[in-house]
Amino acid sequence: MNPTDISENLARVKSEIASACARAGRKPDEVSLLLVTKTFPPETIKVAYDLGHRLFGENRVQEAAEKVKRLPPDITWHMVGHLQTNKVKRALDLFSVIESVDRLPLAEEISRRATRPIPCLLEVNTSGEESKFGIAPGEARFLAEKILSLPRIKLVGLMTLGPYPVSEKASRKAFALLRETRDAIQKEFGISLPVLSMGMSEDYIWAIEEGATEVRLGRAVFGPRVV
Ligand SMILES: *Cc1c(COP(=O)(O)O)cnc(C)c1O
């Protein structure tokens with residue numbers, strides 16, 4: 001995809017985010033845009049960087065490691081993919097935020113290996129699809145409670161992947177469930193979990209209307225993935 005297309009896509013996505021915020025009575029700066037760059041080469045990522053973008057996401061430790069060393073150091077990287085416990089140490093060297101904490105052994109390993117409190121999101125499986133990672137919504141509070149007692153994890157919110165195939169009704173239902181799960185955990189433990197990471201290229205508008213504070217987009221900006 002050429003730089004002009006990426007530039008236009010980025011501008012279009014930002015204006016759609018702003019419109020969705022306006023419809024929902026929210027301010028556009030309440031929603032951050034994480035560009036998910038898995039499978040896209042460093043040159044493509046650099047185009048978005050040169051346009052001023054600094055927030056990027058990857059779903060694999062190895063792939064991220066290769067890109068991080070080829071790109072400027074002032075990028076903030078988020079881990080959005082399934083994380084194996086034996087890769088936590090490497091992940092902590094690469095990522096500022098881990099969005100995919102979905103089980104206690106992983107959370108414990110992050111806390112054990114981290115040298116500072118790492119912002120993390122609880123990944124929740126809101127669609128019930130078996131192919132998806134994430135803790136069941138009804139169990140999220142138990143995991144949250146345990147994570148809150150770990151010294152070097154800072155739980156800042158929840159993350160989910162919308163259902164596939166995408167439909168407005170099912171997507172909104174999943175996103176509302178993430179929001180309600182977050183609200184319930186906040187209330188039960190008297191804490192603040194400001195981040196709701198939900199919405200990808202095909203469903204981010206509904207996610208924003210349902211309260212997303214971060215949308216994770218790849219194809220909407222960089223075009224189709226060829227792998
Ligand atoms: C790939 C990916 C995205 C972005 O998906 P697109 O459909 O390209 O927008 C978002 N979140 C996660 C966890 C992903 O793996």
Side-chain angles (χ1 to χ4, degrees), residues 1 5-6 8-17 20 31-42 44-45 47-48 53 55-68 75-84 87 91 94-103 106 119-135 140 156-168 170-172 174-175 177-179 195-227:
M1 174 148 288
D5 289 337
I6 294 175
E8 284 173 8
N9 287 345
L10 197 52
R12 192 195 60 246
V13 158
K14 284 183 184 172
S15 104
E16 300 212 343
I17 291 174
V31 179
S32 56
L33 171 59
L34 183 81
L35 294 183
V36 180
T37 50
K38 62 171 187 238
T39 77
F40 298 113
T44 301
I45 305 170
V47 175
H53 205 83
L55 187 60
F56 294 92
E58 279 285 332
N59 72 334
R60 289 204 179 119
V61 172
Q62 181 58 38
E63 188 176 339
E66 278 154 29
K67 291 175 185 175
V68 168
I75 291 178
T76 299
W77 293 97
H78 287 202
M79 173 58 173
V80 299
H82 183 66
L83 181 57
Q84 288 169 264
K87 295 200 175 136
L94 299 167
F95 297 104
S96 308
V97 178
I98 302 201
E99 300 204 3
S100 46
V101 176
D102 60 356
R103 58 202 192 280
L106 175 62
C120 287
L121 306 182
L122 208 60
E123 180 173 357
V124 181
N125 183 348
T126 51
S127 66
E129 289 167 26
E130 275 180 30
S131 60
K132 288 201 164 81
F133 292 106
I135 184 134
V156 294
L158 271 56
M159 180 274 240
T160 200
L161 274 81
Y164 187 84
V166 166
S167 79
E168 176 167 1
S171 300
R172 282 188 185 274
F175 297 144
L177 178 57
L178 193 74
R179 186 188 64 234
V195 181
L196 284 179
S197 172
M198 55 190 194
M200 309 187 0
S201 290
E202 287 169 60
D203 55 16
Y204 71 100
I205 299 296
W206 304 317
I208 291 169
E209 292 176 359
E210 297 295 339
T213 66
E214 179 188 299
V215 292
R216 309 179 308 266
L217 305 187
R219 291 172 298 150
V221 171
F222 299 118
R225 286 191 189 84
V226 236
V227 275

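In each ligand, atom 1 is the first atom listed, and ligand 1 is the first ligand listed. The structure displayed is predicted, hence computed values, not measured ones.
Looking only at distances, no side-chain donor or acceptor of D5 sits under 3.5 Å from a matching main-chain atom of N9.
Using a 4.5 Å heavy-atom threshold, the side chains of L35 and F40 count as separate. Under the 4.5 Å side-chain criterion, counting only non-hydrogen atoms from C-beta, E129 is in contact with P163. Side-chain contact between M200 and L161 is present, with at least one heavy-atom pair separated by less than 4.5 Å.
On a distance-only criterion, G218 and ligand 1 share at least one N/O pair closer than 3.5 Å. Taking distance alone, with nitrogen or oxygen atoms compared against 3.5 Å, R216 approaches ligand 1 more closely than that limit.
No donor-acceptor contact under 3.5 angstrom links the side chains of E202 and Y164, judged on distance only.
With a heavy-atom cut-off of 4.0 Å, E99 does not touch ligand 1 at all.
R219 NH2, 2.8 Å is the protein heavy atom nearest to atom 7 (O) of ligand 1. Scanning all protein heavy atoms for the shortest distance to atom 9 (O) of ligand 1 gives S201 OG, 2.5 Å. Regarding atom 2 (C) of ligand 1, its nearest protein heavy-atom neighbour is K38 NZ, 2.6 Å. The closest protein non-hydrogen atom to atom 5 (O) of ligand 1 is M200 CE, 3.4 Å.
At least one heavy atom of R225 sits closer than 4.0 Å to an atom of ligand 1.
Between W77 and F95, the gap from one ring centroid to the other reaches at least 6.0 Å.
Every atom of ligand 1 is numbered from 1 in the order shown, and the set under 4.0 Å from a heavy atom of L217 is 9 (O). The ligand atoms of ligand 1 that sit less than 4.0 angstrom from a heavy atom of V80 are 12 (C), 13 (C).
Between R225 and K38, the shortest heavy-atom distance links the atoms NE-O, 3.2 Å.
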